[in-house]
Each structure stands twice: as C-alpha cells, then as structure tokens.
Enquirer: 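The structure that follows is given in the form of structure tokens.
Remember, it's 1-based here, ligands and their atoms both numbered in the order they're listed. All values below come from the heavy atoms of this structure, side chains included, with hydrogens, waters and symmetry mates left out.
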Amino acid sequence: MSADASPAVPRFVAGPKKNLIGGAWVEAASGRRIEVLNPATGNALCSIAQGDAEDVDRAVAAARRAFEGEWRRWTPHERRKLLLKIHDLVLDHFDELALIETVDMGAPLARTNGLREWTSQVLQFFASHCDAARTETVPNSLPGQFLTLKHLEPVGVVGGIIPWNGPLIGLWWIFGPALATGCTAVLKPAEDASLSVLRITELMTEAGVPDGVINVVTGYGAEAGQALAEHNGVDRIAFTGSTGTARSVVRASAGNFKRLQLELGGKSPDIVFADADLDKAVPGAAMGVYTNSGQVCVAGTRILVQEAIYGEFVERLTAFTKTIRVGDGLDPETQLGPLISQRQLDRVLRYIGLGGGEGARLEAGGNRLGGALAAGFFVEPTVFAGASNDMTIAREEIFGPVASVIPFADADEALRLANDTPFGLAGGIWTESLSTAHLASRGIDAGTIWVNCYGVLDPAVGFGGTKASGYGWKGAREHVESFLYPKAVYLNLG
Ligand code: NDP
C-alpha cells in the first residue's frame, strides 16, 4: 500500500495517532494499530490505535474520576464559556478539519466545508443549554409543611459510538450535551473515520476541557465498541449505526441498565405527488438519495412517484443523475466522493446486482468507476425504475447512491407504501398542495418529515426515529435533558 503524499493532505494526518485517556495521548494497551486509508485513492494515510476492552476500561475510569472531581463543581457559566471557546477554536481550524474529513472518509470538500455553519450552530446551541441541569420547586399536596424540589442531575459517564459516515457531525451529539450538562464522555469513533474526531479532541483539550472529561478510544466495533456498550461504569450509551449492531448494544447494556439512545438506519420514503414542482422535486429527491454518496441515515432511497407523472419523473431523474460529478473529494468540482471502504463498495454493488435480478429497470449508473478512479471505492449514482416496495433494494438499507423509484396511484397507496417498512427515521413530500403536505406529513410514521426540501437539519429542532430506526431525540432541549436524570427531594419543614 503506498502512502498518500498529496500536498493537500493536512499535516495532522501524517504520523501515528493515539487515544486520549485522562488527558494524556496514549498508545493502545496492546500496542496494536489499524492502518487508515484514503477511500478516494486506496492509499494509506496513517495508523490509529487499536483500542480494546483494556483501553475502554482505562478511559471509563478516567471519565468516572473526572465526573466525581472538580468538573462537577463547574458552574453553568464556566461550561458555557468552555463550549464557546471550543466553538471559536474549531471554527478557526475548520479548513483543516474539512480537509481531514475529506481525505479520511471521502465526502467532497463542498460538503465537509459546508458543515462550518452547522458546526457553529450546534456548538452555540449546546452552549446555550448549560443551565439544563437545574433545580425546580414543585408544588405538593402533602399534609404538614414540605418543600419539594426536583433536581435534574447529570447521568454520569456517557459512552458514544458513532459511525463513519459523518464523524464531523456525529461527535457533537455526544460531546455537546455532555459538556453542557456536566457529564463526562468516552467516544468510540468508527475505525474507518476517526481522524477528524482526534483532531477536534486535540482542539478541545487546547480549549481547556479538563483531563478525563472527554476521552477517545479508537478501534474496532467488536472490541472497543462492544466493551464500551458492556462496561458497567458507563451510565448512558448513545449509538448511531446499523440495526444489527444496535441489537448487540441493547443486549450489552443490560448489565447495569444503561440509558440508551439509538439512531439507526432507514429506508425513507420520498413521495412525489402529481402536483409537485418537478424543477424542485427532481434535484431535491435525487440529492436526498445521493448526498454523501448515499451514506446517510435519513437518505430518501424509496422515491414514491404518482403514476400520472411517473414516466416524466424517471426521465428527468435519470438525466439529472447522469450530470452528477463523481470524483476525489479534494477536487472542488466533485459532487459525490467515494464510498468509505472496499467492504461498503462490495455491499452496494451486491444490492445493485440484486435490483436487476429482482426485475427493477436500471436507468442510470450501476457500475464501479474505473480509469483514474479505479483505485478508490467509487460507484456511479444509480436509478432503478419499475421498482416495487417488496424488492430487496426497497426494503434494506443499502447505504450507497441507489434510488428505487416506485409508482403509486393515490395518497392512500402512497402512505401505505411509505409505512410498509420496518424503519421510521424520515420521509419527504413534494406537493404544491398545503392540505396534501399536511395530511401526508401526519400519515408517515417517521421521526422527521421534509416538505418540498430534503435533509435540512437545525440542532434546535432536532431529529430522531421510531420503529426499527431507534429512539431518542438528537438536538433540541430533549436531547440535553436525556443526559440528566430527575431527583426528587422532600424537605420536611415542620
Ligand atoms: P455498524 O453499526 O456496525 O457500525 C457503527 C458503529 O458501531 C461503528 O463505530 C462500529 O465500529 C461500532 N460497532 C460495530 N460493532 C459493534 C459492537 N458489537 N458493539 C458496539 N459497537 C460496535 O455499521 P457498519 O459500519 O458495519 O456498516 C454496515 C451498515 O450499517 C451500512 O452499510 C449501513 O447500512 C448501516 N449503517 C447505518 C448508519 C446510520 O447512520 N443509519 C451508520 C453506519 C452504518 P467500527 O466501525 O469501528 O467497527
């Protein structure tokens, strides 16, 4: 494997990376390492520590010590100032962070740089919620004289397990509320995309996060991830990833009844009604599937199109898809980068094969890209028309740029098809009718519905799933409060 010597690769990327435990950068206890590849070139970037149960144990112990130490006495104002300092430092380094994310997980610079404003928003949002761990006086009807209080207390040590499709976003859902509420955290990023997390963690320590308040253990899910999910010193786990792994996280949490937050996969419907403005609906629905090369939990991969406009929609979607520029994310013209790994590429190509085999009509894409891109994990954005909701490509999460376009006759059928899935993460609606938009948005069983848009996300509004897409809300006040537990105090004043 040749090393990636591109001058665009930030200096941070070179050299072996360590874990952050108790404020110190340390090798994995086993001394083992994992090689990190640039998915656009297949070249080696660097190596990360292969943490396992022993490293997790040390990190959880450090997080526990920090939770029970000085950190507990930090005032909301001190924690807010810290979050705002992190905000400033992270934004000052955002060009570098976007580059790191692009070479590590493949997303084009247009996307990674585009997260700058969102990052500012999410950090300011959590900074503005540092008073969430508070005390309320609650009226009581007890005989005698009682003062009854409800304290919201930090749950303690929080474990975060995040996937590779957007670590630059995913880490804030753990570190943001942990710092806002006075919890401490141990984060296990995906071994395929840990570098932006490690660089941000460096910046956070530079900003003054006390030793042990945030810890990062890199490594494989089956070793480090499983150990974190099982650890009895962890009070709450936030997991983002596949439903299969989530089942094992749920089982592992039983040892000490950890609180759980699960944000899992989807097979989201994106419904295009006959009265939709196709100039908006075609690119909107297409990018609802293809963004981040389809490696997005909320991707609207089942495009349900009303029969009256089905032919025209497929034609326009196909034409639009063929204009998309796939390439190395460092090229400013690139719209879609590679998939994360050879494993993910194989998985996506297998689903594409299944689509054709089950009778869907391949209208665009379908192939791995060759030529100058042959060494990377690139696949063409792909359209299957004539798809039906019972085909494997319409039932299982592919996590690649593959759209299944399914016809429907009327709103009842659209909602029946939309809800005929084990998942319930998100959904989209394209219509010019206010009543259709309103009725359909109430009719889809999913945590987030977008009308005449797709994928926008404000941290103050938040998102979450239902059914097999998991539970727990990310963003909004509920998210912060899920890092707290209520404690009642009865003071007998008589
Ligand atoms: P996983 O669910 O296995 O990985 C998500 C995270 O969980 C990673 O950090 C992973 O670590 C970790 N993990 C893996 N096994 C365990 C375990 N036993 N206990 C605790 N943590 C664990 O997803 P994959 O990366 O394997 O992707 C497979 C498919 O899952 C994708 O094709 C996609 O369909 C779906 N997926 C959905 C996501 C979503 O946001 N909806 C996100 C990621 C995947 P590591 O990667 O280091 O092994």
Side-chain angles (χ1 to χ4, degrees), residues 19 28 34-36 39 48-53 55-56 104-105 159-167 169-171 173-174 186-195 197 216-231 234 237-253 255 258 260-268 291-301 339-351 377 379 392-393 395-402 422-426 446-448 455 457 463-465 467-470 474:
N19 287 327
I34 301 171
E35 188 172 56
V36 177
I48 54 170
Q50 186 180 334
D52 60 19
D55 305 283
V56 166
D104 193 23
M105 57 73 67
I161 300 173
I162 59 172
W164 36 260
N165 58 335
I169 300 173
L171 90 167
W173 298 129
I174 315 292
V186 178
L187 180 65
K188 208 296 285 174
E191 90 276 1
D192 283 325
S194 296
L195 300 184
V197 169
V216 177
V217 177
T218 56
Y220 292 115
E223 295 179 349
Q226 181 78 20
L228 190 59
E230 278 173 356
H231 203 293
V234 174
I237 285 277
F239 172 81
T240 304
S242 63
T243 44
T245 303
R247 285 199 179 85
S248 122
V249 169
V250 172
R251 278 192 295 271
S253 72
K258 286 176 192 68
L260 288 178
Q261 175 181 12
L262 304 173
E263 199 249 295
L264 314 177
K267 197 71 207 175
S268 299
T291 295
N292 211 25
S293 297
Q295 302 166 116
V296 176
C297 52
V298 294
T301 47
L339 298 172
I340 186 72
S341 61
Q342 181 67 50
R343 186 172 69 120
Q344 193 62 19
L345 177 65
D346 293 343
R347 177 188 163 99
V348 172
L349 291 174
R350 183 173 59 79
Y351 276 110
F377 312 125
V379 65
T392 312
I393 51 166
R395 300 212 67 77
E396 297 183 10
E397 186 176 46
I398 299 174
F399 235 50
V402 183
F423 298 108
L425 195 56
T448 303
L457 173 61
F463 79 109
K467 298 163 66 179
S469 295
K474 279 181 177 170

Enquirer: Ligand 1 and Phe239, any nitrogen or oxygen pair closer than 3.5 angstrom?
Expert: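 Looking only at distances, the answer is no, because the N/O contact criterion of under 3.5 Å is not met.
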
Enquirer: Pick, from Gly51, Pro163, Gly294, Ala227, the option with the minimum heavy-atom distance to atom 43 (C) of ligand 1.
Expert: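 Minimum heavy-atom distance to atom 43 (C) of ligand 1 goes to Pro163.
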
Enquirer: Between Gln226, Arg343, Gln295, which one has a non-hydrogen atom sitting closest to atom 18 (N) of ligand 1?
Expert: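 Result: the heavy atom closest to atom 18 (N) of ligand 1 is in Gln226.
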
Enquirer: Got an N/O contact under 3.5 Å between Gly221 and ligand 1?
Expert: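 By distance alone, the answer is yes.
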
Enquirer: Got an N/O contact under 3.5 Å between Gln344 and ligand 1?
Expert: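 Yes, Gln344 has an N/O under 3.5 Å of an N/O on ligand 1.
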
Enquirer: Would you indicate whether the side-chain heavy atoms of Asn292 and Met105 approach each other to under 4.5 Å?
Expert: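 Yes. Closest side-chain heavy atoms under 4.5 Å.
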
Enquirer: Looking only at non-hydrogen atoms, which of Glu191, Lys188, Glu397 approaches atom 46 (O) of ligand 1 most closely?
Expert: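 Checking each option, the heavy atom nearest atom 46 (O) of ligand 1 is found in Glu191.
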
Enquirer: Quick check: Ile161 and ligand 1, any N/O pair under 3.5 Å apart?
Expert: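 Checking ligand 1 against Ile161, no N or O pair falls under 3.5 Å apart.
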
Enquirer: Do any heavy atoms of Ala246 fall under 4.0 Å from ligand 1?
Expert: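 It does not, in that no heavy atom of Ala246 comes within the 4.0 Å cut-off of ligand 1.
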
Enquirer: I want to confirm something. Looking only at heavy atoms, which of Ser242, Ala252, Pro189, Ala193 is nearest to atom 23 (O) of ligand 1?
Expert: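 Nearest option to atom 23 (O) of ligand 1, by heavy atoms: Ser242.
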
Enquirer: Is it true that Glu396 and Lys267 have a side-chain N and a carboxylate O under 4.0 angstrom from each other?
Expert: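 Salt bridge flag = no for Lys267 with Glu396.
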
Enquirer: What I'd like to find out is whether the side chain of Cys297 reaches to under 4.5 Å of the side chain of Leu425, using heavy atoms alone.
Expert: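 Of all side-chain heavy-atom pairs linking Leu425 with Cys297, at least one is under 4.5 Å.
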
Enquirer: If we only count N/O pairs under 3.5 Å, is Glu263 in contact with ligand 1?
Expert: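 Between Glu263 and ligand 1 (N or O atoms, distance only) the closest approach is not under 3.5 Å.
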
Enquirer: Is the shortest N/O to N/O distance between Tyr220 and ligand 1 below 3.5 Å?
Expert: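 N/O-N/O distance under 3.5 Å: no.
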
Enquirer: Val249 to ligand 1: N or O pair under 3.5 Å?
Expert: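 N/O-N/O distance under 3.5 Å: no.
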
Enquirer: Could you establish whether Ser248 and ligand 1 come within less than 4.0 Å of each other, counting only heavy atoms on the residue side?
Expert: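 True for this residue.
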
Enquirer: In terms of atom number and element, which parts of ligand 1 are under 4.0 angstrom from non-hydrogen atoms of Asn165?
Expert: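 Matching atoms, with element in brackets: 40 (O).
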
